[in-house]
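Have a look at the structure below before the remarks.
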Amino acid sequence: MENDFSYVGENLKRIRDNVREACAKAGREEDSVRIMAVTKTVAPEIVNYAIQQGMDLLGENRVQEFLSKKDIYLKSAEVHMIGHLQTNKVKYIINDVSMIQSVDSEKLLAEISRLAVKNGRTMDILCEVNIGGEDSKSGIAPEALRGLLEKAAQTEGVRLRGLMTIPPPSDSDIFLGRMKELYDSFSDEFSMDVLSMGMTHDYAAAVRMGSTLVRVGTGLFGARNYAI
Ligand SMILES: *Cc1c(COP(=O)(O)O)cnc(C)c1O
């Protein structure tokens with residue numbers, strides 16, 4: 001018997017409806033927000049089902065896991081790295097992702113630049129901001145962000161597109177608002193067009209606050225089998 005992944009299609013439809021509704025409430029165009037499928041721990045066959053339902057953007061957390069799945073993925077979806085990335089692993093993904101959303105240090109920026117130039121390409125990047133100042137999270141502190149943005153803007157082989165964040169789960173609204181303010185304070189100066197925020201529990205709020213890219217895992221694929 002064929003596996004039945006229709007729940008993924010139903011979840012995707014609901015997420016699209018919720019995003020549309022949040023856009024309407026905020027007076028935004030529906031196509032101003034992209035929906036990303038976060039694939040960690042999800043079997044590639046199920047990811048492919050989502051791609052067949054029209055999902056065109058995947059988010060990967062772990063290099064090792066991505067390498068084991070990338071050849072199985074249907075090619076019609078774009079892939080972004082969204083997980084914490086060690087400098088020595090950039091070489092494994094440089095030609096397989098179209099954006100790295102988790103840039104949070106000059107060291108990582110320099111390695112992405114080096115490999116992008118070597119491979120004759122330009123890598124789109126987002127700087128990840130630790131908006132809640134949590135010890136447990138990666139991302140650069142808001143106070144240090146300007147320095148990293150200035151560096152990124154002058155670095156060859158990378159194109160700075162915007163900011164990404166994972167706000168603290170409690171008080172998410174407050175931090176989504178702060179993140180939008182931070183984004184607005186830099187977006188013109190650095191020609192940004194991507195604000196990546198919002199996950200399963202807060203994507204509708206994030207859209208109302210101005211997110212342009214929401215990253216949804218469990219809300220699309222169901223609860224993960226193991227922690228990551
Ligand atoms: C896991 C993850 C998500 C998705 O989280 P869900 O709560 O499952 O929607 C989004 N962004 C990043 C960076 C993640 O690691």
Side-chain angles (χ1 to χ4, degrees), residues 5 7-19 22 33-44 46-47 49-51 53 55-67 69 77-86 89-90 93 97-105 108 124-140 161-173 175-176 179-180 183 194-228:
F5 301 136
Y7 64 95
V8 173
E10 286 154 24
N11 288 340
L12 180 56
K13 184 177 175 310
R14 197 180 54 246
I15 294 162
R16 284 184 174 137
D17 287 346
N18 290 339
V19 166
V33 181
R34 278 189 93 180
I35 300 169
M36 163 186 280
V38 176
T39 67
K40 61 192 175 219
T41 79
V42 180
I46 305 180
V47 176
Y49 180 88
I51 296 172
Q53 307 304 304
M55 176 53 70
D56 62 358
L57 179 60
L58 309 181
E60 297 293 317
N61 280 81
R62 280 168 133 191
V63 170
Q64 209 55 45
E65 182 178 341
F66 173 51
L67 295 179
K69 289 153 83 174
E78 207 185 319
V79 180
H80 292 180
M81 178 53 58
I82 61 170
H84 178 69
L85 183 57
Q86 283 172 281
K89 299 218 170 127
V90 179
I93 62 156
V97 303
S98 60
M99 187 186 286
I100 298 176
Q101 296 201 358
S102 43
V103 177
D104 63 357
S105 72
L108 179 57
D124 281 352
I125 62 158
L126 303 183
C127 289
E128 180 177 354
V129 180
N130 186 350
I131 194 69
E134 297 169 286
D135 290 341
S136 60
K137 289 216 175 111
S138 42
I140 188 153
R161 295 286 304 274
L163 305 179
M164 183 270 252
T165 197
I166 308 174
S170 60
D171 296 326
S172 150
D173 272 18
F175 290 104
L176 292 170
M179 194 61 207
K180 172 67 162 122
Y183 176 78
V194 181
L195 175 56
S196 171
M197 63 180 191
M199 317 193 335
T200 295
H201 70 283
D202 63 355
Y203 69 86
V207 169
R208 289 196 302 274
M209 298 281 189
S211 170
T212 72
L213 191 160
V214 294
R215 311 177 309 264
V216 182
T218 51
L220 180 62
F221 295 116
R224 286 183 280 275
N225 299 329
Y226 53 96
I228 197 146

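One-based numbering, in listed order, for ligands and for the atoms of each.
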Taking the side chain as every heavy atom from C-beta outward, state whether Q101 and M36 have any atom pair closer than 4.5 Å.
yes
Provide the number and element of each atom of ligand 1 under 4.0 Å from a heavy atom of [X].
X    : answer
G217 : 4 (C), 6 (P), 8 (O), 9 (O)
V216 : 9 (O)
N61  : 14 (C), 15 (O)

Of the side chain and backbone of [X], name the one, both, or neither that has a heavy atom under 4.0 Å from an atom of ligand 1.
X    : result
T218 : both
R224 : side chain
I166 : side chain

Work out whether the distance between some heavy atom of H201 and some atom of ligand 1 is less than 4.0 Å.
no
In this structure, CZ of R34 is separated from CG of D56 (nearest 0.5 Å) by 5.0 Å
OH/Y183 to SG/C127 distance, rounded to the nearest 0.5 angstrom?
12.5 Å
What residues, two or more places apart in sequence or in another chain, satisfy salt bridge (charged side-chain N to carboxylate O under 4.0 Å, His left out) together with D202?
none
Which pairs count as side chain to side chain donor-acceptor pair (under 3.5 Å) when at least one residue sits in residues 205-220, sequence neighbours excluded?
S196-R215, T200-T218
Modelled atom types, side-chain donor and acceptor of H80 and E78, under 3.5 Å:
yes
